[in-house]
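This structure is a prediction, so every number in the text was calculated from the model and none was measured. Lettering of chains follows the sequences in order, A, B, ..., and the numbering in each one begins at 1.
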2 protein chains.
Amino acid sequence: MSTVGFRQHDHTHCVHTALAQAEAKCKTRRLQFTPVRRRVLEILLEKHRAMGAYDILGILSAEGLGSQPPVAYRALDFLVQNGFVHRIEQLNAYAACAHPTHDHVPAFLICRSCKAVAETETELTQGRLGAAASTSGFQIERVVVEAEGLCPECVGELP
Amino acid sequence: MSTVGFRQHDHTHCVHTALAQAEAKCKTRRLQFTPVRRRVLEILLEKHRAMGAYDILGILSAEGLGSQPPVAYRALDFLVQNGFVHRIEQLNAYAACAHPTHDHVPAFLICRSCKAVAETETELTQGRLGAAASTSGFQIERVVVEAEGLCPECVGELP
DNA sequence: TTGAAAAATGTAATAACATATCATCTTGGA
DNA sequence: TCCAAGATGATATGTTATTACATTTTTCAA
């Protein structure tokens, strides 16, 4: 449960917890946890999957929270910047962070069939990548690790 | 030189070599190395950097090789499919493979300042990601590893 | 407490990236 | 030589993301 998220669970509780944690973190850092930002995080926590900016915008729009793309992108930028949400590069999509209480390098397992996404962690400079960087003098600031494949559910069901 | 590509080098030679290797590989695999596909690979080898599909299309168009997006995307799909080119997810861009002669999991060092891209390699299931995958029953098929940061040139020059 | 600066929002327009569809042409192999 | 698969031409459209600028709200210190 702490590393992989393919299993079912009731998460009304975890949504509330995560929102409360985000609110607290914003308070201590003096960041504005505005209604749109809060709602975008809540949407991503509730859906518990990767969503595109325009999917989110559709919901915001239906709720009268804004209808133009920058509304969604600004909120997402804020949430990504502050570690509440991760961007999944392969999918051009966003997912709520599963471990928002500590700094980490996220890594994702992405099912190419059902698009489920599980988050785990990895080390910043592990193995050959870190070695290559330090050899060449490259200074790593951020690492994207995304594995594509089949989740446990889909492994059995496909050709 | 085999892992990192931030250093300068004369590469008229390596362009020719890489094209010849691609041609040979297509021959043995019975793939059609058509003029557009060849030219797209050549462009990426010559520029020796990540380029967007529309950048490439601009060049093709100026040369009378086609002016509509599918022309570029089809050629890129072919080249990616067959391991001659990699897609850089973070940049929505494409770069010629630096090690086309053997199968590998590419990893990239991407300079956020000058956009230079160096390719190195990594293991498919190294470390915690592989562990999380096998624990949960996720079957990894492809891994994207992209590090963003500052290249040796830019490390010195920025604030 | 109030006023200036910083941050956030509203809104319109457009840029950048990518695919669907269908007709036509070329190639390789039976 | 003919067929089937693969490649190309061409049009249209879908999806993702940013620029720009006016306005409002919040913060913070004088």
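Listed by residue number, the members of residues 49-62 of chain A with any heavy atom below 4.0 angstrom from DNA chain C form an empty set. Near DNA chain C, defined here as any heavy-atom distance below 4.0 Å, there are no residues from residues 85-92 of chain A.
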Considering only distance and modelled atom types, tabulate donor-acceptor pairs under 3.5 Å from the side chains of residues 58-70 of chain B, sequence neighbours left out.
unit_1: Glu63(B); atom_1: OE1; unit_2: Arg39(B); atom_2: NE; d: 2.9
unit_1: Glu63(B); atom_1: OE2; unit_2: Arg39(B); atom_2: NE; d: 3.3
unit_1: Glu63(B); atom_1: OE2; unit_2: Arg39(B); atom_2: NH2; d: 2.7

Taking distance alone, no hydrogens or angles, what donor-acceptor pairs closer than 3.5 Å link side-chain atoms of residues 23-30 of chain A to residues at least two apart or in another chain?
unit_1: Glu23(A); atom_1: OE1; unit_2: Arg38(A); atom_2: NH1; d: 2.9
unit_1: Thr28(A); atom_1: OG1; unit_2: Lys25(A); atom_2: O; d: 3.0
unit_1: Arg29(A); atom_1: NH1; unit_2: Asn82(A); atom_2: OD1; d: 3.4

For this session: Could you run through nucleotides 20-30 of chain D and give me one letter per nucleotide, 5' to 3': B if any protein heavy atom sits under 4.0 Å from the base, S if only the sugar-phosphate is that close, - if neither?
Result: B-----S-S--

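Rounded to an integer number of Å, the gap from Tyr73(B) OH to dT8(D) P is 17 Å. Rounded to an integer number of Å, the gap from Leu76(B) CG to dA7(D) C1' is 15 Å.
When side chains are defined from C-beta on, Leu150(B) counts as touching Arg112(B), because their heavy atoms get closer than 4.5 Å. Residues Phe78(A) and Leu41(A) fail the side-chain proximity criterion, which asks for heavy atoms closer than 4.5 Å.
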For this session: Given side-chain contact (heavy atoms from CB on, under 4.5 Å), test His104(A) with Cys97(A) step by step and report yes or no.
Result: CA-CA 10 Å; His104(A) 59 284; Cys97(A) 177; 3.4 Å; yes

Problem set entry | side-chain contact (heavy atoms from CB on, under 4.5 Å) between Val85(B) and Val40(B), intermediate numbers included | CA-CA 10 Å; Val85(B) 164; Val40(B) 170; 5.9 Å; no

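Heavy atoms of Tyr94(B) sit under 4.0 angstrom from primed sugar atoms or phosphate atoms, though from no base atom.
Judged as a salt bridge (charged side-chain N to carboxylate O under 4.0 Å, His left out), the pairs with a partner in residues 72-95 of chain B (not counting sequence neighbours) are, in order, Arg87(B)-Glu89(B), Glu89(B)-Arg142(B). Among residue pairs with one or both ends in residues 90-101 of chain B, none qualify as salt bridge (charged side-chain N to carboxylate O under 4.0 Å, His left out); sequence neighbours excluded.
Taking Pro35(A) as the reference, nothing meets the side chain to side chain contact (heavy atoms under 4.5 Å, CB included) condition, with sequence neighbours excluded. Partners of Ala18(B) by side chain to side chain contact (heavy atoms under 4.5 Å, CB included), not counting sequence neighbours, listed by chain and number: Leu45(B). Remark: Ala147(A) engages Leu109(A), Leu129(B), Ile140(B), Val143(B) in a side chain to side chain contact (heavy atoms under 4.5 Å, CB included) (not counting sequence neighbours). In this structure, the side chain to side chain contact (heavy atoms under 4.5 Å, CB included) partners of Thr34(A), at least two apart in sequence or on a different chain, are Gln32(A), Arg37(A).
In terms of heavy-atom proximity, Met51(B) sits nearest to Lys47(B) at SD-CG, 3.5 Å.
First and last contacts of DNA chain C with chain A, using any nucleotide atom under 4.0 Å from a protein heavy atom and ordered 5' to 3', fall at dA7(C) to dA12(C).
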